There are 2 protein chains.
Amino acid sequence: MIKILVIDDEESITQFLQMGLEAEQFDVVVANDGMTGVQQAKNIVPDVAIVDIMMPGMDGYEVCHLLKKHIGCQVILLSAKGEVEDRIKGLNALADDYMTKPFSFEELLARIHARLRNVRVQQEEALLTIDEKQKQIRYRGEPLLLTRTEYKLLHYFIEHPQTVLSKEAILNAVWGYDYFGSVNVVEVYMKTLRQKLGDTEHTMLQTVRGFGYKLDVPV
Amino acid sequence: MIKILVIDDEESITQFLQMGLEAEQFDVVVANDGMTGVQQAKNIVPDVAIVDIMMPGMDGYEVCHLLKKHIGCQVILLSAKGEVEDRIKGLNALADDYMTKPFSFEELLARIHARLRNVRVQQEEALLTIDEKQKQIRYRGEPLLLTRTEYKLLHYFIEHPQTVLSKEAILNAVWGYDYFGSVNVVEVYMKTLRQKLGDTEHTMLQTVRGFGYKLDVPV
DNA sequence: AAGAAAGCTGAAGATTTGCTGAAAATTTAG
DNA sequence: CTAAATTTTCAGCAAATCTTCAGCTTTCTT
C-alpha cells in the first residue's frame, strides 16, 4: 500500500485530505505540526509527504528539508501564497512540487500520481508478489507458508524495496505504535523469513549494520 | 552536461528559453513542432523536456505521452490556460510538472532543478552522491562501504561542500551535542574516510590547520 | 634551530550490534 | 481443556565498530 504523510496544522484540511486520500486506497498518516510530522516519517517511511508551509513551530520549508535529507520521500508543499518567489523558495528547499491553496483535490491527486511515477519506476517483473486477497506472498510464483507476523513483515519490505528500514520503523509498522518489546523480536523474525526464502547468504534481506535491513530484489 | 529539449511553436519563446537555459550551463536543443521534437528526443535523449501544449499538428499532450513512453525523460508542460482541469489533464498525460504561461524564468529553473533531482542526473555529474533511502554514499557511482559514523560524517561534509568545518562543529553534528570524548575521534575518522575515498593526498578532504576540515569536490 | 601546538597514525581495549538456539509465554485450533 | 502453533524473551557469542592513547610528523612561532 502506498503511504502518504500529511502535515498541516489546520485540522479541517488534514481531515479532509485523510478522508479523500483513503478513499483513493492510500495509506494515510496525519500530523498536525512539523516536529511530529518528521517523527512520523521516520516511523512509517512514506512514499509522498504533503506539507503545509505556514505552520507554528517548525515551518514547511524546514520540514521539507528534513524529509528530503533523512527520509528521501517525495514532498509536495502546500501554501496559501501563490507568489512566484514563494514557489521558487519552496522548490529550492528541495521540494518536488508546489501547490497553492485553495487547491482542487483532483489536482492534488494528479500531482501525487505524478510524484509516484518517479519513485516506482522499478516494478517490472516482481520476484515477490503479494496476494492481498489470499493473504499470500509468492516467491517465484510459489506461495510461501508464512505466519501472520511473518506475512506482515515481508509485506512491509515488499512495499519498500531498495530501502533501508530501521528496526524501529519495522516495529512500528508491523507490531504497532504501542508495542513495548525490544527490537530483538525483529531480528528473530528476520531469521525465520530468511530461512523460508532460502536466503542463507542474506542477499535478498540484507543487513545494513547500524541502520536496519533492506530488501534487495535481484532482477 | 544536462540536456534540455524545448518544444514550442512560438519562436520567441524557444529563443528566449534557449538563451536563458544555456546561460545556466544546460545543453539546450529546440524544436518548433511536436513531430520534430519527438525525433530530436530520440537523437539526443534529453534529461528534461519542456513542452508547450497548444501546438499545430501533434499537441503537447501527445508529445508528452510519447516522450514518457519511449524516452522516459522528465516532462514539464507549458500552457496558456491555467484551468484546473487542464492541469489535471496534463499531469494525467504522464507529465511530471505543469506550468502556466506567462511564467517567470526563475520558477521554470526551480522546477527544472526539482525534476532533475528525481532523475539522478546529478549523480552522474556529482562525484559524491547521497542515497538517503539506501543509506549509501556513492563515489563516481560506486557505493562506498561505510559504517554508520563514517556515513554520518561524510554526509555532513557533502551537505557543506567547500566549507571549512571545525572539529567541534563536526563533533556536534555527528556525535551529538552531549558527547564527552575528545576531538581526536574526528581525526581518526577522517583518516578512515580518506582511506575509503582513496584520498591519500588529502585533496578531497582537506585539512585547514587551526580551523578544521573542508570537502573540496573537484568538478 | 628549538620548542610548542596541531594534526596524524597504528594498535589496543571497550562497547555495540546482530545472530542464534532454546526456553517461556501466549494464542489458536481441535 | 489439551496440544500444537506461534510469538516473545533471554542469554551467550562473535564480529563489527567505536574510542582512547601514546608516540610520531608537520607546521608555526620565536
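Order of the sequence lines fixes the chain letters, A, B, ..., with proteins taken first and strands second; residue numbering starts at 1 for each chain. Note: hydrogens, waters and symmetry copies are ignored here, and every other heavy atom, side chains too, is used. The model shown is predicted, which means the values in this text are computed figures rather than measured ones.
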Visitor: Please report the end-to-end axis angle for the helix from C:dA1-D:dT30 to C:dG30-D:dC1, five pairs per end, rounded to 10 degrees.
Guide: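 The angle, to the nearest 10 degrees, is 30°.
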Visitor: What's the NZ-P distance between B:K191 and D:dG23, to the nearest Å?
Guide: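 Value for this atom pair: 19 Å.
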Visitor: Roughly how many Å is it from CG in B:L153 to C1' in D:dT19, rounded to a whole number?
Guide: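 Rounded to whole Å, this separation is 15 Å.
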Visitor: B:F26 vs B:H113 aromatic rings, parallel, tilted or perpendicular, using cut-offs 30° and 60°?
Guide: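 B:F26 vs B:H113 ring planes: tilted.
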Visitor: Which whole-number value in Å describes the distance from A:E168 CD to C:dG18 C1'?
Guide: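 For the pair A:E168 CD and C:dG18 C1', the rounded distance is 13 Å.
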Visitor: May I ask you to say whether A:D96 pairs ionically with A:R115, meaning some side-chain N is under 4.0 Å from a carboxylate O?
Guide: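 A salt bridge is absent here (no side-chain N lies under 4.0 Å from a carboxylate O).
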Visitor: Rounded to the nearest angstrom, tell me the gap between atom CD in B:Q195 and atom P in C:dG10.
Guide: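 Rounded to whole Å, this separation is 7 Å.
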Visitor: For salt bridge (charged side-chain N to carboxylate O under 4.0 Å, His left out), just list the numbers for A:K191 and A:E187, CA-CA rounded to whole Å, side-chain angles, deciding distance to a tenth of an Å, and then say yes or no.
Guide: CA-CA 6 Å; A:K191 183 180 149 69; A:E187 295 162 5; over 6 Å; no
Visitor: With rounding to the nearest 0.5 Å, note down the distance linking CE in A:M58 to CG in A:D33.
Guide: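 A:M58 atom CE to A:D33 atom CG measures 8.0 Å (nearest 0.5 Å).
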Visitor: Should B:Q136 and A:V208 be marked as a side chain to side chain contact (heavy atoms under 4.5 Å, CB included) after you check the CA-CA gap, both sets of side-chain angles, and the distance that decides it?
Guide: CA-CA 10 Å; B:Q136 263 185 1; A:V208 184; over 6 Å; no
Visitor: Enter the distance from B:I2:CD1 to B:Q25:CD here, rounded to the nearest 0.5 Å.
Guide: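 Here the rounded value is 10.5 Å.
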Visitor: Answer with yes or no whether the side chains of B:Q134 and A:K214 bring together a donor and an acceptor at under 3.5 Å.
Guide: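 Their side chains do contain a donor-acceptor pair, which is all the 3.5 Å distance test asks for.
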Visitor: What is the distance, rounded to the nearest whole Å, between atom CE of A:M190 and atom C1' of C:dG18?
Guide: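 Distance, rounded to whole Å: 11 Å.
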Visitor: How long is the straight-line distance from CG of A:L215 back to CG of A:L165, given to the nearest 0.5 Å?
Guide: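 CG of A:L215 is found 8.5 Å from CG of A:L165.
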Visitor: Would you tabulate the pairs of protein nitrogen or oxygen atoms and nucleotide nitrogen or oxygen atoms of nucleotides 3-7 of chain C closer than 3.5 angstrom?
Guide:
{"from": "C:dA6", "atom 1": "O4'", "to": "B:R209", "atom 2": "NH1", "distance (Å)": "3.4"}
{"from": "C:dA6", "atom 1": "N3", "to": "B:R209", "atom 2": "NH2", "distance (Å)": "2.9"}
{"from": "C:dG7", "atom 1": "OP1", "to": "B:G210", "atom 2": "N", "distance (Å)": "2.9"}
{"from": "C:dG7", "atom 1": "OP2", "to": "B:K167", "atom 2": "NZ", "distance (Å)": "2.8"}
{"from": "C:dG7", "atom 1": "O5'", "to": "B:K167", "atom 2": "NZ", "distance (Å)": "3.3"}

Visitor: Which word best sums up how the rings of A:H160 and A:Y156 line up, parallel for under 30°, tilted for 30 to 60°, or perpendicular for over 60°?
Guide: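 It falls in the perpendicular class, over 60°.
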Visitor: I need the single residue from B:L116, B:L67, B:D47, B:V48 that forms a side-chain contact (heavy atoms from CB on, under 4.5 Å) with B:Q74. Which is it?
Guide: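 Between B:Q74 and the candidates, side-chain contact (heavy atoms from CB on, under 4.5 Å) is satisfied uniquely by B:V48.
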Visitor: For nucleotides 5-11 of chain D, print each protein N/O atom paired with a nucleotide N/O atom at under 3.5 Å, atom names and distance only.
Guide:
{"from": "D:dT7", "atom 1": "OP1", "to": "A:T149", "atom 2": "N", "distance (Å)": "3.1"}
{"from": "D:dT7", "atom 1": "OP1", "to": "A:T149", "atom 2": "OG1", "distance (Å)": "2.6"}
{"from": "D:dT7", "atom 1": "OP2", "to": "A:T147", "atom 2": "OG1", "distance (Å)": "2.5"}
{"from": "D:dT7", "atom 1": "OP2", "to": "A:Y189", "atom 2": "OH", "distance (Å)": "3.0"}
{"from": "D:dT7", "atom 1": "O5'", "to": "A:Y189", "atom 2": "OH", "distance (Å)": "2.8"}
{"from": "D:dT8", "atom 1": "OP2", "to": "A:W175", "atom 2": "NE1", "distance (Å)": "2.7"}
{"from": "D:dT9", "atom 1": "OP2", "to": "A:Y179", "atom 2": "OH", "distance (Å)": "3.2"}
{"from": "D:dC10", "atom 1": "N4", "to": "A:N184", "atom 2": "OD1", "distance (Å)": "3.0"}

Visitor: Give me the atom names and distance for the closest heavy-atom approach of A:A169 to A:V45.
Guide: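 That would be CB-CG2, 4.5 Å.
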